[in-house]
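First up is the structure itself, then whatever we jot down about it.
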Amino acid sequence: MLRYFSSVILLVLFCQAANAQVAQDCMDAIPICNNTPVNGGTRDFGTDDFNGAASSGCLEPTTLGTIESNSAWYRFRTNAAGQLGFNIGHDSSEDWDFALYQASDCNVLGEPIRCNFFDNSEGVSFVGVGEDPTGDLDSVHYEDWLEVEPGQDYYLFINNYSNVNSGFSIQFTGGIWETNPYDALDCSIVSNLLGPPIAACEGDDVVLDATTSNAFNYSWFMNTGSGYTQIAGASAATYAVTSSADYRVVVATNAETIISDVQVGFNPSPITNEVSDETFCQSDSMAFDLSVKDMEALGDQNPDDFIVSYHSSASDATMGIHPLEKEHPTLVGQEIIYVRTTSMANSDCFDASQSFVLEVIETPLLTFSEEEVICETVGTLEIGETNPDANFDYLWSTGEQTPTIQVVDAGEYTLTVTNTLNGVSCESTRTVVVSISELPVITNIDIADLSANNVVTINTEAQDVFEFALNDGEYQSHNTFEGVPPGVHTVRMRDLYGCGEVEEEIVVVGFLTAFSPNGDVLNDLWQIEGLSTLNAPIVTIYDRYGKLIKQMNQFDAGWDGNFQGKPLPSTDYWFKLSYLDNDGNRTYAKYLQSHFSLRR
């Protein structure tokens with residue numbers, strides 16, 4: 001953020017047409033107090049105050065072979081404590097250097113305490129101490145702030161290296177001007193009848209007053225660069241100035257003749273052009289770049305000569321205080337922005353007559369889900385914005401113009417919501433992907449039993465969209481359960497979208513897939529292990545023709561392969577297992593392998 005509006009006391013721009021040498025050397029340094037000097041340009045180096053030295057601080061000889069070339073000297077004395085800086089404004093095509101000495105005698109300047117000798121290959125318009133008024137915080141043409149105390153004397157040497165110059169201006173800055181806006185610099189060093197140099201804006205009334213006791217004649221002269229010439233008809237004690245120049249008055253009294261000179265500079269007063277109202281859509285950043293309005297405000301005025309600032313009130317704009325950040329944070333609604341155009345050469349020259357309305361339109365915020373599922377058992381689904389705004393327009397890719405729609409098919413559905421105000425439309429778009437979830441169906445359950453780690457696997461055609469649970473356990477994404485104890489269990493399956501849930505009752509028991517009743521004591525009997533976990537279990541064994549061969553309960557030792565006392569042949573036999581459920585109904589166990597082999 002630029003802060004010069006509150007800290008700058010006065011800035012005076014150079015005169016483009018003048019070429020006079022303002023100060024030939026350090027001994028004739030122009031005293032500065034609270035009004036800053038007007039320099040009409042520097043031409044010819046005058047006396048080289050550095051006596052042919054190879055350097056002074058950062059300064060080095062120019063193309064003329066000496067440090068001082070096309071130069072000007074100024075001196076000032078601080079009258080308060082605090083932070084002090086200055087801006088030297090100049091044409092961006094020219095190269096200006098400076099050195100600041102803390103000294104009260106030109107004969108003992110010492111080394112400069114601030115110095116800048118960088119060339120101007122970047123084409124900047126300012127060099128100085130403190131902060132570049134354009135906001136460039138990394139400018140190599142600026143040195144650190146000064147911390148000053150009252151009564152300190154300084155000499156400021158300004159030198160034109162490019163040997164092509166149209167003059168410069170000086171603008172003092174820093175906190176010292178906030179605490180002491182009218183006496184930061186000591187004006188007692190200016191012993192001049194007409195006072196210190198005068199900075200004014202075009203159209204200002206500037207009257208020079210040379211009133212002196214016992215004076216009987218006043219003669220006024222003006223110098224625009226070619227020497228002083230008398231102003232015809234100007235013979236009063238006062239003279240109204242209308243143009244930039246050096247002015248001299250010769251006062252004749254009975255005792256003496258007094259000659260006094262003063263510089264007067266008029267700076268262009270900017271005009272703020274009409275700035276159009278701005279309407280834009282709300283965004284995530286919620287900031288508006290005010291700098292895009294600069295060219296409207298400036299029109300055909302040179303942006304190097306003027307700066308545009310923006311304020312939240314007319315009084316702030318008039319006073320040049322509290323400028324808004326160029327990236328201005330905004331809220332939905334209207335705001336009046338007040339515009340100030342200020343001369344870079346003289347902050348007293350400004351125009352704060354214009355303002356514009358900044359209106360932020362709400363961009364619709366869409367809150368509905370981008371993925372939806374139609375349950376097969378329901379067959380339809382409402383999608384879209386369930387909390388609509390009556391001021392918004394709604395349009396679906398289907399052509400429907402309602403905030404929500406009913407859909408029955410899977411696919412992609414896009415909704416565009418538009419808020420239009422003052423001819424500006426702000427819109428948001430969201431696509432909903434709709435899929436159909438089928439009712440969960442258990443196609444098969446694999447039971448790997450007769451082991452210390454019984455494994456149950458629930459099989460379905462679309463495993464990725466279902467969750468599984470055993471008995472009252474937590475649902476899990478995978479379909480296998482390990483370490484299932486023998487007995488009756490309930491397996492459950494549900495889809496991820498809440499469309500349905502199914503469950504099956506299974507029996508986990510163990511049995512031999514083959515036995516051989518040959519009297520070797522190994523697998524002589526076929527039996528089912530774990531029947532004791534069931535309520536009134538009954539096992540029935542059949543041959544391949546469905547003939548009942550054997551019926552057993554949990555108390556039977558097993559089947560020996562005989563029927564009515566006679567051995568049956570080696571082949572496959574089938575069985576069923578039934579038990580009483582919790583309601584007392586006889587139920588046949590599902591998903592068991594229902595046959596085994598007899599081998600002799």
Side-chain angles (χ1 to χ4, degrees), residues 1-16 22 32 35-42 57-59 70-72 74 76 83-100 112-146 154 156-162 164-177 199 265 267-268 270 291 294 298 301-309 320 323 326 340-350:
M1 180 180 68
L2 303 185
R3 297 195 296 268
Y4 71 91
F5 289 105
S6 61
S7 62
V8 173
I9 291 301
L10 188 59
L11 177 66
V12 180
L13 191 64
F14 41 82
C15 304
Q16 296 287 347
V22 174
I32 305 171
N35 286 328
T36 46
V38 178
N39 184 39
T42 57
C58 69
L59 302 181
N70 301 298
S71 60
Y74 298 90
F76 60 89
Q83 186 186 67
L84 178 65
F86 54 81
N87 305 319
I88 301 172
H90 57 82
D91 189 286
S92 60
S93 65
E94 299 171 3
D95 182 4
W96 291 85
D97 307 309
F98 76 87
L100 180 68
I113 60 173
R114 297 291 186 272
C115 186
N116 194 286
F117 192 65
F118 281 98
D119 67 20
N120 193 20
S121 56
E122 301 95 333
V124 301
S125 298
F126 289 95
V127 60
V129 169
E131 292 182 3
D132 189 326
T134 65
D136 183 2
L137 300 180
D138 299 318
S139 175
V140 297
H141 301 278
Y142 268 77
E143 305 301 318
D144 292 339
W145 291 100
L146 287 170
Y154 295 88
L156 176 60
F157 170 67
I158 302 175
N159 203 49
N160 178 268
Y161 190 91
S162 59
V164 175
N165 71 85
S166 40
F168 58 86
S169 61
I170 301 176
Q171 171 193 39
F172 280 93
T173 61
I176 191 174
W177 299 104
N267 297 118
S291 63
D294 288 359
L298 288 172
Q301 297 171 105
N302 190 342
D304 291 336
D305 295 338
F306 305 100
I307 190 168
V308 181
S309 60
K326 286 301 178 75
R340 173 187 170 110
T341 305
T342 308
S343 169
M344 294 285 280
N346 187 344
S347 58
D348 286 339
C349 305
F350 70 92

*asked:* Suppose we call two aromatic rings close when their centres sit under 6.0 Å apart. Are Tyr74 and Phe157 close by that rule?
replied: no

*asked:* Under 6.0 Å between ring centres: does that hold for Phe126 and Tyr142?
replied: no

*Start with the C-alpha distance between Val308 and Arg340, add both sets of side-chain angles, then the distance that settles side chain to side chain contact (heavy atoms under 4.5 Å, CB included), and finish with yes or no.*
CA-CA 6 Å; Val308 181; Arg340 173 187 170 110; over 6 Å; no

*Spacing of Ser125 atom OG and Asp305 atom CG [to the nearest 0.5 Å]*: 8.0 Å

_Within this structure, what is the CD1-CG distance for the pair Ile113 and Asp144, rounded to the nearest 0.5 Å?_
11.5 Å

*Provide the closest heavy-atom pair for Asp95 versus Asp119 in the form atom of the first, atom of the second, distance.*
OD2-CA, 3.6 Å

*Out of Asp294, Thr342, Thr341, which one pairs with Phe306 under the side chain to side chain contact (heavy atoms under 4.5 Å, CB included) rule?*
Thr341

*asked:* Whether the side chain of Asn116 engages the backbone of Val140 through a donor-acceptor N/O pair (distance < 3.5 Å, no angle test) should be reported.
replied: yes

_Polar side chain donor-acceptor pair, Asp136 to Thr134, under 3.5 angstrom_ = no

_Working to the nearest 0.5 angstrom, can you tell me the gap between Ser71 OG and Asp97 CG?_
11.5 Å

*Atom OG in Ser92, atom CG in Asn120: separation rounded to 0.5 Å?*
7.5 Å

*Which atoms form the tightest heavy-atom contact between Pro268 and Ser343, and what is the distance?*
O-CB, 4.0 Å

*Would you call Ile88 and Ile158 a side-chain contact if the rule is heavy atoms closer than 4.5 Å?*
yes

*Mind checking whether Asp132 and Asn87 have side chains closer than 4.5 Å, heavy atoms only?*
no

*Given side chain to side chain contact (heavy atoms under 4.5 Å, CB included), test Val127 with Phe118 step by step and report yes or no.*
CA-CA 9 Å; Val127 60; Phe118 281 98; over 6 Å; no

*Just wondering, do Ile176 and Gln83 contact through their side chains at under 4.5 Å, heavy atoms?*
no

*Rounded to the nearest 0.5 Å, what separation is found between the OG atom of Ser139 and the CD atom of Glu122?*
7.0 Å

_Phe168-Trp96 aromatic ring centre distance below 6.0 Å_ = yes

_Which label fits Phe117 and Tyr161: parallel for a plane angle under 30°, tilted from 30 to 60°, or perpendicular past 60°?_
perpendicular

*Please tell me if the side chains of Ile170 and Leu156 come closer than 4.5 Å, counting only heavy atoms from C-beta onward.*
yes

*asked:* Looking at every non-hydrogen atom in both residues, tell me the closest pair between Pro133 and Gln171 and how far apart they are.
replied: CG-OE1, 4.4 Å

*Applying side chain to side chain contact (heavy atoms under 4.5 Å, CB included), run through Phe76 and Leu84 and close with a yes or a no.*
CA-CA 12 Å; Phe76 60 89; Leu84 178 65; 3.9 Å; yes

*Within-4.5 Å side-chain heavy-atom neighbours: Cys115 and Glu143*: no

*Look up atom CZ in Phe98 and atom CG in Asn160, then write down how far apart they are to the nearest 0.5 Å.*
15.0 Å

*Where the side chain of Arg114 meets the backbone of Ala99, is there a donor-acceptor pair that is under 3.5 Å apart?*
no

